[in-house]
Participant: 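Please read through the structure below; I'll follow up with questions.
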Amino acid sequence: MRTGIALAFVLQSIVFANVDALYKPCAGCHGVEGEKVANGVSKIINQMSKEEFIASLEGYKNGTYGGNLKALMRGQVMRLSKEDIEALATKITH
Ligand code: HEC
């Protein structure tokens, strides 16, 4: 039991370290805290709800969401897993 808790703790730290690395390429366009309007067109992503954030990234992946620059976002999210997207949403949205 004890080991289980310690292991969960370690895994959580790895996920947290990882999400910063995952968000790094995004910061150039969306701002370090998701506070910018990327390329003059995107929503301010830290003002989106967690659900909206996840739905938009899933939508870019499967081609069901986006505006004129959706191809650009598609390239950013294709490599992300469901877990990655969830972790990014938790980091950026409130
Ligand atoms: C090269 C600039 C650029 C990078 C890098 C980038 N984005 Fe975007 N992002 C945009 C643009 C532009 C849009 C709006 C695209 C559209 O739908 O026309 C957008 C849209 C979004 C949206 C939906 C907001 C809306 O306007 O509907 C989310 C959420 C998002 N990006 C998250 C991310 C995440 C997370 C990453 C990193 C994995 C990332 N972006 C990387 C430019 C970028």
Side-chain angles (χ1 to χ4, degrees):
M1 193 59 203
R2 268 216 136 103
T3 337
I5 292 169
L7 187 64
F9 218 74
V10 170
L11 287 176
Q12 201 174 43
S13 326
I14 293 170
V15 170
F16 282 147
N18 215 0
V19 75
D20 288 340
L22 278 179
Y23 187 71
K24 233 179 197 150
C26 325
C29 295
H30 289 284
V32 175
E33 293 177 341
E35 77 284 7
K36 289 188 184 157
V37 175
N39 297 59
V41 297
S42 83
K43 291 181 185 166
I44 294 174
I45 61 173
N46 72 11
Q47 290 176 0
M48 296 171 85
S49 70
K50 189 174 175 186
E51 292 71 28
E52 199 188 356
F53 183 101
I54 292 173
S56 67
L57 293 193
E58 295 288 353
Y60 284 124
K61 263 179 102 166
N62 63 31
T64 57
Y65 181 89
N68 292 335
L69 294 179
K70 65 181 176 191
L72 182 160
M73 268 309 295
R74 192 175 156 83
Q76 301 298 321
V77 298
M78 281 320 282
R79 69 199 158 82
L80 302 178
S81 68
K82 215 175 156 63
E83 289 73 25
D84 292 341
I85 291 176
E86 172 83 30
L88 284 165
T90 303
K91 174 183 164 71
I92 296 301
T93 65
H94 306 288

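Numbers here simply count residues along the sequence, with the first being 1. Both counts, for ligands and for their atoms, begin at 1 and track the order of listing. Every heavy atom of this structure was used, including side-chain atoms; hydrogens, water molecules and symmetry mates were not.
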Participant: With atom 18 (O) of ligand 1 as the reference point, say which of I44, I54, L69, L22 has the nearest heavy atom.
Facilitator: L69
Participant: So how far is it from C26 SG to L57 CG, rounded to the nearest 0.5 Å?
Facilitator: 8.5 Å
Participant: Using a plain distance cutoff, I'd like to know if R79 has any nitrogen or oxygen under 3.5 Å from a nitrogen or oxygen of ligand 1.
Facilitator: no
Participant: Could you tell me which atoms of ligand 1, counted from 1 in the order shown, lie closer than 4.0 angstrom to a heavy atom of P25?
Facilitator: 5 (C)
Participant: Return the CG to CD distance between D84 and E86, rounded to the nearest 0.5 Å.
Facilitator: 10.5 Å
Participant: Suppose I only count heavy atoms of G66 and a 4.0 Å limit; which atoms of ligand 1 are within that range?
Facilitator: 17 (O)
Participant: Which atoms from ligand 1 have a heavy atom of N39 less than 4.0 Å away?
Facilitator: 2 (C), 12 (C), 42 (C)
Participant: At what distance, to the nearest 0.5 angstrom, does CG of L80 lie from CE of M78?
Facilitator: 9.5 Å
Participant: Using 0.5 Å steps for rounding, measure from the NZ atom of K61 to the CZ atom of R74.
Facilitator: 10.0 Å
Participant: Any atoms of ligand 1 less than 4.0 Å from a non-hydrogen atom of V41? List them with their elements.
Facilitator: 12 (C)
Participant: Give the residue, atom name and distance (to 0.1 Å) of the protein heavy atom nearest atom 15 (C) of ligand 1.
Facilitator: Y60 OH, 3.4 Å
Participant: In ligand 1, which numbered atoms sit nearer than 4.0 Å to a non-hydrogen atom of K70?
Facilitator: 16 (C), 18 (O)
Participant: What is the minimum heavy-atom distance between G34 and I44, and which atoms define it?
Facilitator: O-CG2, 3.5 Å
Participant: For atom 16 (C) of ligand 1, what is the closest protein heavy atom, and at what distance to 0.1 Å?
Facilitator: G67 N, 3.3 Å
Participant: As an exercise, identify every atom of ligand 1 less than 4.0 angstrom from a heavy atom of Y65.
Facilitator: 25 (C), 27 (O)
Participant: Run through the protein N/O/S atoms less than 2.8 Å from atom 8 (Fe) of ligand 1 and write them out by chain and number.
Facilitator: H30 NE2, M73 SD
Participant: For K50, look at atom NZ and say whether over 12 heavy atoms of other residues, nucleotides or ligands are found less than 6.0 Å away.
Facilitator: yes
Participant: May I have all residue pairs that pass side chain to side chain donor-acceptor pair (under 3.5 Å) and include part of residues 26-39, sequence neighbours excluded?
Facilitator: none
Participant: Distance under 4.0 Å to a non-hydrogen atom of L57: what atoms of ligand 1 satisfy this?
Facilitator: 28 (C), 29 (C), 30 (C), 32 (C), 35 (C)
Participant: For atom 26 (O) of ligand 1, what is the nearest protein heavy atom, given as residue, atom name and distance?
Facilitator: K43 N, 2.8 Å
Participant: Assigning hydrophobic clusters by single linkage (Ile, Leu, Val, Met, Phe, Trp, Tyr; side-chain heavy-atom cutoff under 4.5 Å), is L72 placed with Y65?
Facilitator: no
Participant: Is the closest heavy atom of G28 to ligand 1 under 4.0 Å?
Facilitator: no
Participant: First locate atom CG of L88, then atom CG of D20, and finally report the distance between them rounded to the nearest 0.5 Å.
Facilitator: 9.5 Å
Participant: For F53, is there any backbone N or O sitting under 3.5 Å from a side-chain donor or acceptor partner on S56?
Facilitator: yes
Participant: Heavy-atom count around N68 CG within 6.0 Å, excluding the residue itself: above 12?
Facilitator: no
Participant: Looking at atom 29 (C) of ligand 1, what's its closest protein heavy atom, distance included?
Facilitator: S56 OG, 3.3 Å
Participant: Which atoms from ligand 1 have a heavy atom of N68 less than 4.0 Å away?
Facilitator: 18 (O)
Participant: Nearest 0.5 Å, please: how far is CD1 in I92 from OH in Y23?
Facilitator: 4.0 Å
